[in-house]
Every structure is written in C-alpha cells, then in structure tokens.
Amino acid sequence: MKSTEIKHNVQNLIDNFSKEEFVFDLLVAYGISKTSVTRLKKGDYNLSKVDGELLYKKKIFYKVEASDKLLSSIEEVAKEERILKQQPRFAILTDFKQLVAKDLKLGKNLDIQLKELPNYFDFFLPLAGSEVYNASNNNEADRNASYKMADLYDLLIEENPAIYNSKESIHNLNIFLSRLLFCFFAEDTEIFKDKSIFTDTLAQHTAESGKDTHLFLNDLFDRLNTENADHLPEYLRKFEYVNGGLFGQKIASPIFTSKARKTLIELGDLNWSEINPDIFGSMIQAVVDKDYRSDLGMHYTSVENILKLIKPLFLDELYDAYENATTINQLRALIKRISKIKFFDPACGSGNFLIITYKEIRLLEIKILEKITDLEGQSPTIKWTEIQLSQFYGIEIDDFAHEMAILSLWLAEHQMNKVFEERLFDYGKSKPILPLKEAGQIKQGNATRRDWNEVCPISSTDEVYVIGNPPYLGYSRQDETQKEDMKIVFSRVNNYKKLDYIACWFYKGTNYIQNTKAKYAFVTTNSITQGEQVALLWPLVLSKGQEIDFAHQSFKWTNNAKGNAGVAVVIIGVRNIDGTDKFLYNQNLKQSVKNISPYLANTSNVYVIPRNKTLSKLSPMIKGSSPGDNGNLLLDQEEKDKIISKNPITAKFIKRYIGASEFIKGTNRYCIHITEDNVKEAYKIKELAERFEKVEIFRLNSKKLATKKKAETPHFFDEDKHQEGEFILVPQTGSERRNYIPIGYFDDSYVPSNATRVIYKVQPWLFGVISSRMHIVWVKAVAGRLKMDMQYSNTLCYNTFPFPDITNKQKENLNLYVFAILDERAKHPSKTMAQLYNPTTMPKGLLQAHQALDTAIEQCYRLQPFKNDTERLEYLFKQYEEMLQKDTLFAKQKQSRKKK
DNA sequence: TATCCGACAGCAT
DNA sequence: ATGCTGTCGGATA
C-alpha cells in the first residue's frame, strides 16, 4: 500500500467518523486485513481482559480515556508489563477530541487533535509494515550541486594556488563563490528576468580554453554593481543591477582552466530552483572545508529541530495572538509588532535558524493579511510585506558560512515573496526583486568575544529572540583559542574550566537579556544539564532573576554524517522570571509544569554537588586502577596464554583485569600487575621487559607532567588502587535501558579498571543498597551521561546518595536479600550480565529477587510504600537537602571548635 | 605537589 | 544501532 493511499484512507475515516469503529477503521486504513480486524472486533484477537481496552499483539494498545488523564495514562501504559508483554508497536489513547499516542519501539510521542490525524498519518506507518520513509533522498539536488561545487572549487585552487597565501584572498574567494551561487539561483528562479541568462552569456562570450572566463566574470560582477549600464556592451546591459552589497567590492576573479570553465557551465545547467536554501548553505559550506567534505553539511539543524526551538520560544505565542485578534486594528497592530521583533543567532553558521524563522514569520504575516482581507471585504488594501531582512541578526566565525548566511537570506526573501504573491496578489501585482535592498545583519566574528549588544542592539523594551545551535565541546576537547574564549567570557567566575564550550553562549545570553523583554533558547549538548556541570553553570543563570521557561528533554541528534557518533541534545529556553506558564517537552509530549530544574525535571532547583566523602554512613568508594599504558600492561586471553606457555613463571605477575565491558559481557582480560618486591624478577622476562619499555616511551610522550613522571616506573599502573580482599564493582558506564545497575562481587585476583568504581572491605548489605531501585532512580537523576547512557560516579552518585542509618539487625536482614540475588544469578551461569539485566530478557527469578530487595531497602526509608519513581525521587531530594544541611552545620561546628 | 576523578558534536563492534 | 574505553586536564587537600 502506498503512503498516499494510506493518507487518503485516514482522511476518509475522519470525514466519516464513528466513535465505535474508529480504532478498527484505523487498522484497516493502514492495510490490516478485514478478517483480522473482524476477529479483533469479536474479541478472539483481543489480548486484554480489561473492559474497553484493545490489545492487539505486536500492533496496538487502544483505550478511550478521560480528557484530563490522557497524558498521564499514556506514560503508565508504556510501563505496564501485561501490555508490553504483547509487544504492541503503538499505544493509542483518545477522548475523541484529542489523540495521544506513543511509538513504543522508538519512544516517539504524538499529541494532536483527532481531526488533525491525516496530517500526522505517517506516525503510524509502521503499522502498514513499512518504517517511516527515510527522507535522506530528498536532498539529492542539494547534494549534487554541492559535489559539483566541490569539483569547481578544487579546480580553481589548483590553478590559483596563491589563494591560500593570505586570509584576504581566501575571503575574496568566498565572496566570489557566493556571487556565482547567486547567479545560478537568479537565472533559474526569475530573479534575473531571462532564464539561463548567466550560463548562456558565459558560454557565448568566453573561450573554451577558459583563459578569459575570469575577465568575463569581472566585467559581469561590475555590471551587477552598476545602476546605470548605458555605456556597457549589449550582452552586459541585458543583466540587471543587483546591488552594492553582494557585488559592491571589487574582487579579481580566479583564473579558470578549460575544465573549470566546463564545470562552471555544467553547474549553471543544474536546476537551481529545486535547491533548498535552508540546508544548501550548510552543505556548500562543506565545500570549502575539506574535513567535512565527505559528510556534506554534517552539522546542519533539521527544520524539525529548529521548529522545536522557535515554536515554544515565540512562534506559538505569536500564533495565539493571531488567533485572538478579531479586528482589523488588532491584526494591523500584530503586524506592526512582528515587524519590530529582532531575531538574533549568535552562532548562525550558514543561517538555517534565521532562514526558517524568516520563512515562518513571513507565513504568519501572510495569514494575518488574509484575515484582514477577509474582514475588509470587497476592496482589500494589501500592502507589501512589513518584515525586513534587517530584523535578522547573526554572528558567525567562519567567513564563508557568514557569506552563505547573507546569501541564503536573500534567497529566502525571494522565495517568500513568491509565496506572498501567489497567496495575496491574484491580480498580478508584483514588486521587483532587484536591486536587492537590504541584507540580514550577519557579522563575521567570534561570538564568545564580540559584544552581542553591538551586533544586535537591545533596549529594555525591545522584543528580541536569541536562537541557535552553538558549538559543543567538552573541556578536554577545547583547543587553546577556545580555552582562551572561556577565560574571557567567565573572567568573573571561579570554577568554570570544566564547563562545555557552549556554556559561553548561555552565560552571554543571560547577561544579554538581563533587564529586558528578550528571551533566548539554544539547542545544546545534554551535558550541561547532567553530572558535574549542572552546579557549575546554572547558578550563574538562575541567580540573575532568570528561569527556564521551556525545555525539550534529551533526544538523539540525527545527522547524515558517516562515521560520526550520535550525540544527545536538549533544547533550553531562558527568560527573566515572569510567572507565566512553563512547558516541558518529552519527545513531542508537551506538559505544563510549575518549574523546570536545571536537570530539566519538574522539581525545584536543587543542585547535587559532587562530594569527596559520603553523605550517608556508607563505606568509601573509589575509582578503579588506571594502567596509563597505551595497552601494554594489558593482555587479552590469547596474549596471556602465549606469554605463559612460553614462560610459565610469568603467571605470578598476571592478574585478571576487570572493567565495565569485561564484567557486562563476561569476557576475559588480564593485566601485568607486579609488586615492589618482584620488579627485578619481572624485568628478567623478556616479553615483560619489552612491554615496560613501550609503556615508558608512551608515558614520556605524554603532555601531562604527572604521566611523564610515571615513566620512571613503567612496570606499575599509572594509578594503582588495588587492595587485598573482596570488593564490590560498579561499571562506570551502562546502558540507559536497564532497570537496575548490574553490580559485581570480586576477590583480589581481579584488578578493577579505571572504568569502574569499587568498594573494598565491604559487607553484603551495601551491595543491596547500590543494586536497589532507590539508587538507580537517584543515579538516573544526577549522573552525567554519555549520550543517553548513565555515567556512574562515586563523588556525584554514591557520595551524595541519601541513605538512613540502619541497625545491625537491618543490615543482616538486607544480607539475605543480597544472597538471594546472587543465588538467582548463579542459576544462569551461561548468561552474561548484559543478558541478565536486559529488561526484556531478565530471568523472572532474578527480577523477583530484586523486587524483594527493593521493598526491604525502601522500608529502611519509611514504612509506607512508594507509588512510583517520581515519588521516590522527590523523597530522595528532600532527604538530600536535609542531610546536606545537617552535614554542613556539623562541618561548621567542627571548624569553629578547631579555631578555638 | 600528590592524588583523585568526570567527561567525551565519542568510539568500537 | 548498541553500549561502554582510556586518556586527559582540572580540582582538592
């Protein structure tokens, strides 16, 4: 079945709507056979025993729900085991006005008016057996053009190698390319009156050798900058005056070869009207940046994601104002307001946020004008657009991208003018595009160092929206310039060095909007809302009378780049406190909330600060041992067998090595772990001595002083924390999917790696505390993340964890539950921890043992059971605050006593 | 200065 | 697409 057919079916079902038949019609619309649906209706296929529910294996769960419960109910359904057992792809709830659905495989949500369903029909396409169609082919025109531009670029560079000799000539080349692109667009999209005028004239007036191509282009670009062309030859007079912005500066065109000229003409022959200025700019940007060449436009932000930011920031509110305006005066006032708003992207790249915003604002204006026209009746007084490109401000560090942003805004203006004419000027009234009158206010520069107020001046009454997707870089990936940027931006702040580079934009954004009506919102790495960065960044923002007014919780960033890791991002909007509604989005579910904490949760603003001692009375936890060896002190099974068979005595220098991966996947790894008194003996073994030497060389080459020093003892780990006796092991990184943290128990024949956290000299009940649901709820809330997966930390997760003092008797009781868990694990010796703790394959007995432990742990806190994780977390946060208060009080007393 | 630890527009399978 | 490494700079005592 084709997707257009399905869309048609869905429209049909809405047009002939029946409450009783709705869900059945829906299934039929997506191509489920009539016989199956009949059997479902009769009840044969319905696996739910609850009245009014429909549970169709591997397909859907459906229920009619009260309006006020739709959103809460869908979250419950998504967790209910009896439902998940049947693996429905979708959960669908409706009150026949609204429809809320969840894709249980992808975790995506849908929350729409039922009558809008035909517009969102693709959400349920997997029901028809096809995954949602992949949009990657849609950009083929952009891709082809970009690759061809890359060819031309390479040819020009080859013929004009001197271009790279100065910054100025690179800049000139950028402008030159930008002018070519403008001409390609102009001749295909009626900006130039005659179609193909650029390519045709070029082909006719230049020699095949390419030798005079640059002269032709010099003359042509001069002409495009000249208002009065009377004195020029006829072939140039045919062109129009464009303006003094794009063509103002006199630049010598690069020399062409015959191949370059041919490529230029081929480029002109492409159909540029199909090219989409939203993303083309980002792709073409890759042309001049060789590193990105293979992944054209890797970092461009999709329209979908841009809307996720601009809708809650301003567009939704403007549309509300539009809906509520009923008189011509009100509507005109709204246009006036819109025409005064400033949109500012201080990391604008090739301008996608500004372009999409521009288009959306123009569309809104068209709608307002249509409404005015309706009200005015017979003789509408339509004016030209009030929206100016000069309302759009940007800063971009990359010179070429900044040229592309300026160009793309012109093209977007032209595109929207066409839409404007089509929708409003049925009488053929039009306005000449050329000469281009004004441009967006895009400045080239480093946004972390420039004064934003100078780029986009702001007064206390100005309506300004700051938007964008600035660069993210964790502190260890920043280069020297970026570190210097951080130093300048945070010159008045202590303890900023571990912040992500993007924190510069948040801090400057906060200073920029202070005491104004402006707001800002950025797409950002989720790192600044998790782990240790939260308490570093957010006090700087929230202490200035500002608040998070909307946020999208973590979602996976998708880009077309090959070989590039995914990254999890959030979208955060900040404003000066104003007491109006706040919205928290999870996937596409929108929830009105009382507060949005810096962790992007609906709780008060509590900061969990890393501690080096436990808050509760628990044994100390430390990081595992770090080899710092470039792999030379570590052995896999094969290497170990080989080395021992050759020289059996080495066995005494080898211990088992256990990291998160070895523990979770059940693989074997070994390490060379020797003590002070057998160093000499170890060096006698050739294989070991060779490895030590490699370690020494590696450490000497390190930038870090401490590591260089450790080159003196290459036979030891860089940081050896190993102790005698048994220990509990917690993997540093673990999948987000698990409901429990898999914890291990090992003896000292194992050395735990730096990818673990361990507790030596331990009692079993502590194993129970860390394995508990209470603990993972806490960890999920406060831990840092790698993508979406948890990063367990002793200082942040364990040392901060509030756990009550318990009696020895309680401890002994907990021990029993821990033994039960270990027993259950032992029943499955062939299964890895990954299998045991995968929520879909977890053995029932193990799950039950964990649940029994959970109850016992929770009773240490209070007798009344917890209803859900939200309640658990609330309780834990409260405990944390109380215990922290007592702790600091105690510390102060201690200090004052010392002073006496 | 010695010691300890979180993070990763990531990295490997 | 899943799921965790190892090296590094920064902070603390």
Side-chain angles (χ1 to χ4, degrees), chain A residues 105-106 291-292 295 298-301 347 349 469-478 480 483 486 494-502 523-528 530-534 536 556-559 561 563-569 609-613 620-634 657 659-665 667 669 698-699 701-707 709-710 717-721 731-738 742 753-757 782-799 832-834 837-838:
Chain A
K105 188 176 165 197
L106 301 178
D291 294 344
Y292 295 159
D295 304 314
M298 64 185 280
H299 279 155
Y300 81 80
T301 315
N469 179 8
Y472 336 141
L473 279 169
Y475 75 90
S476 58
R477 302 184 65 84
Q478 295 160 8
E480 270 177 44
K483 291 218 187 270
M486 296 280 287
N494 303 320
N495 220 345
Y496 67 87
K497 285 188 173 170
K498 288 185 139 189
L499 283 169
D500 193 286
Y501 190 49
I502 199 177
V523 179
T524 164
T525 166
N526 60 359
S527 317
I528 61 164
Q530 283 150 356
E532 61 180 354
Q533 292 198 48
V534 174
L536 300 178
K556 280 178 189 151
W557 192 243
T558 47
N559 67 46
N564 211 319
V567 54
V569 299
I609 299 159
R611 306 170 51 89
N612 47 23
K613 286 202 177 84
M621 178 186 279
I622 56 170
K623 192 173 164 168
S625 302
S626 190
D629 64 332
N630 201 23
N632 291 301
L633 295 177
L634 303 180
Y657 181 70
S661 185
E662 290 75 30
F663 172 56
I664 299 284
K665 294 178 193 151
T667 51
R669 224 167 159 205
F698 170 72
R699 288 187 188 164
N701 282 328
S702 170
K703 280 186 283 181
K704 189 175 166 179
L705 212 69
T707 308
K709 220 169 174 189
K710 294 278 185 177
F717 272 36
D718 183 356
E719 294 173 13
D720 189 354
K721 314 285 181 62
Q732 178 186 264
T733 315
S735 166
E736 54 157 342
R737 297 171 61 223
R738 300 188 184 117
S753 90
N754 52 322
T756 66
R757 300 294 178 272
V782 306
R785 303 278 165 128
L786 185 53
K787 245 165 71 178
M788 306 281 258
D789 301 326
M790 289 184 305
Q791 295 263 110
Y792 194 91
S793 125
N794 43 343
T795 58
L796 207 59
C797 305
Y798 179 78
N799 290 349
T832 63
M833 292 302 282
Y837 282 86
N838 180 331

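Everything numeric here is computed off the predicted structure, so don't read it as measured data. Below, read A as the first sequence line, B as the second, and so on, with proteins coming before strands; counting in each chain starts at 1.
Where Lys721(A) and Gln530(A) each meet DNA chain B at their nearest nucleotide, the meeting point lying more 5' is that of Lys721(A). Taking the nucleotide of DNA chain B with the nearest heavy atom to each of Gln732(A) and Asn794(A), the more 5' of the two is matched to Asn794(A).
Remark: side-chain polar atoms of Asn526(A) are paired, donor with acceptor, to backbone N or O of Lys787(A) under 3.5 angstrom. When atom types are taken as modelled, the side chain of Arg699(A) and the backbone of Lys710(A) share a donor-acceptor pair closer than 3.5 angstrom.
Among the atoms of the strands shown, none is found under 4.0 Å from any heavy atom of Arg699(A). At the heavy-atom level, Glu532(A) lies under 4.0 Å from the strands shown only through sugar-phosphate atoms. When heavy atoms are screened at a 4.0 angstrom cut-off, Thr525(A) is found touching no nucleic acid atom at all. Pro470(A) comes within contact range of at least one nucleobase, with a heavy-atom separation under 4.0 Å.
Following rounding to the nearest Å, Leu499(A) (CG) and dA7(B) (P) show an atom-to-atom distance of 11 Å. In this structure, Ile528(A) atom CD1 and dC8(B) atom P are separated by 11 Å, rounded to whole Å. Per the geometry, CG belonging to Leu796(A) stands 19 Å off P belonging to dC4(B), to the nearest Å. Between the C1' atom of dC8(B) and the CG atom of Leu473(A) lies a distance of 10 Å, rounded to the nearest Å. Across the protein-nucleic acid pair, Lys665(A) atom NZ and dC4(C) atom C1' stand 6 Å apart, rounded to whole Å. Computed from coordinates, the Phe717(A) CZ to dG6(C) P distance equals 10 Å when rounded to whole Å. The interatomic distance linking Glu662(A) (CD) with dT13(B) (P) rounds to 12 Å, in whole Å. Atom CE of Met621(A) and atom P of dG6(B) are 10 Å apart (whole Å).
Residue Lys709(A) places at least one side-chain N or O closer than 4.0 Å to OP1 or OP2 of dA2(B). Contact check, Ser793(A) against dG6(B): a side-chain N or O comes under 4.0 Å of OP1 or OP2. Note on Arg737(A): every side-chain N or O is 4.0 Å or more away from OP1 and OP2 of dT2(C). Listed pair Ser753(A) / dT5(C) fails the phosphate criterion, with no side-chain N or O lying under 4.0 Å from OP1 or OP2. Phosphate proximity of dG3(C) to Arg738(A): absent, as no side-chain N or O sits under 4.0 Å from OP1 or OP2. Regarding contacts with the backbone of dG6(C), a side-chain N or O of Arg669(A) is found under 4.0 angstrom from either OP1 or OP2.
In summary, the side chains of Glu662(A) and Thr667(A) do not present any donor paired with an acceptor at a separation below 3.5 Å, with no hydrogens or angles considered.
Once rounded to the nearest 0.5 Å, the distance linking CG of Leu536(A) with CD1 of Ile528(A) reads 11.5 Å. Note that NZ of Lys704(A) is 13.0 Å distant from NZ of Lys709(A), once rounded to the nearest 0.5 Å.
dA7(B) and dC11(B) have their C1' atoms separated by 14 Å, with the value rounded to a whole Å.
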> Does the side-chain hydrogen bond (donor to acceptor under 3.5 Å, both in side chains) test come out yes or no for Arg785(A) and Gln791(A), once each step is laid out?
Replying inline: CA-CA 5 Å; Arg785(A) 303 278 165 128; Gln791(A) 295 263 110; over 6 Å; no
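Scored by the ring pair (Phe, Tyr, Trp, His ring centres under 6.0 Å) test, Tyr472(A) finds no partners at all (sequence neighbours excluded). Residues meeting the side chain to side chain contact (heavy atoms under 4.5 Å, CB included) test with Ser625(A), sequence neighbours left out: Phe717(A), Asp720(A), Lys721(A), His722(A), Val751(A). Here Gln530(A) pairs with nothing under the side chain to side chain donor-acceptor pair (under 3.5 Å) rule; sequence neighbours left out. By the ring pair (Phe, Tyr, Trp, His ring centres under 6.0 Å) test, Phe698(A) pairs with no residue at all, sequence neighbours left out.
If you check dG3(C), dT5(C), dA7(B) against the side chain of Lys787(A), the one that comes closest is dG3(C). Among the nucleotides dA7(B), dC8(B), dC4(B), the one closest to the side chain of Ser527(A) is dC8(B). Comparing dG10(B), dC5(B), dT3(B) by their closest approach to the side chain of Ala706(A) singles out dT3(B).
At least one side-chain heavy atom of Thr525(A) sits less than 4.5 Å from a side-chain heavy atom of Ile502(A).
Listed by first residue number, the stems of DNA chain C with at least three Watson-Crick or G-U pairs below 3.5 Å are B:1-8 with C:6-13, B:10-13 with C:1-4.
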>> Output one letter per nucleotide in nucleotides 7-13 of chain C: B when a protein non-hydrogen atom lies under 4.0 Å from the base, S when only the sugar-phosphate is that close, - when neither is.
In response: BSBSSSS
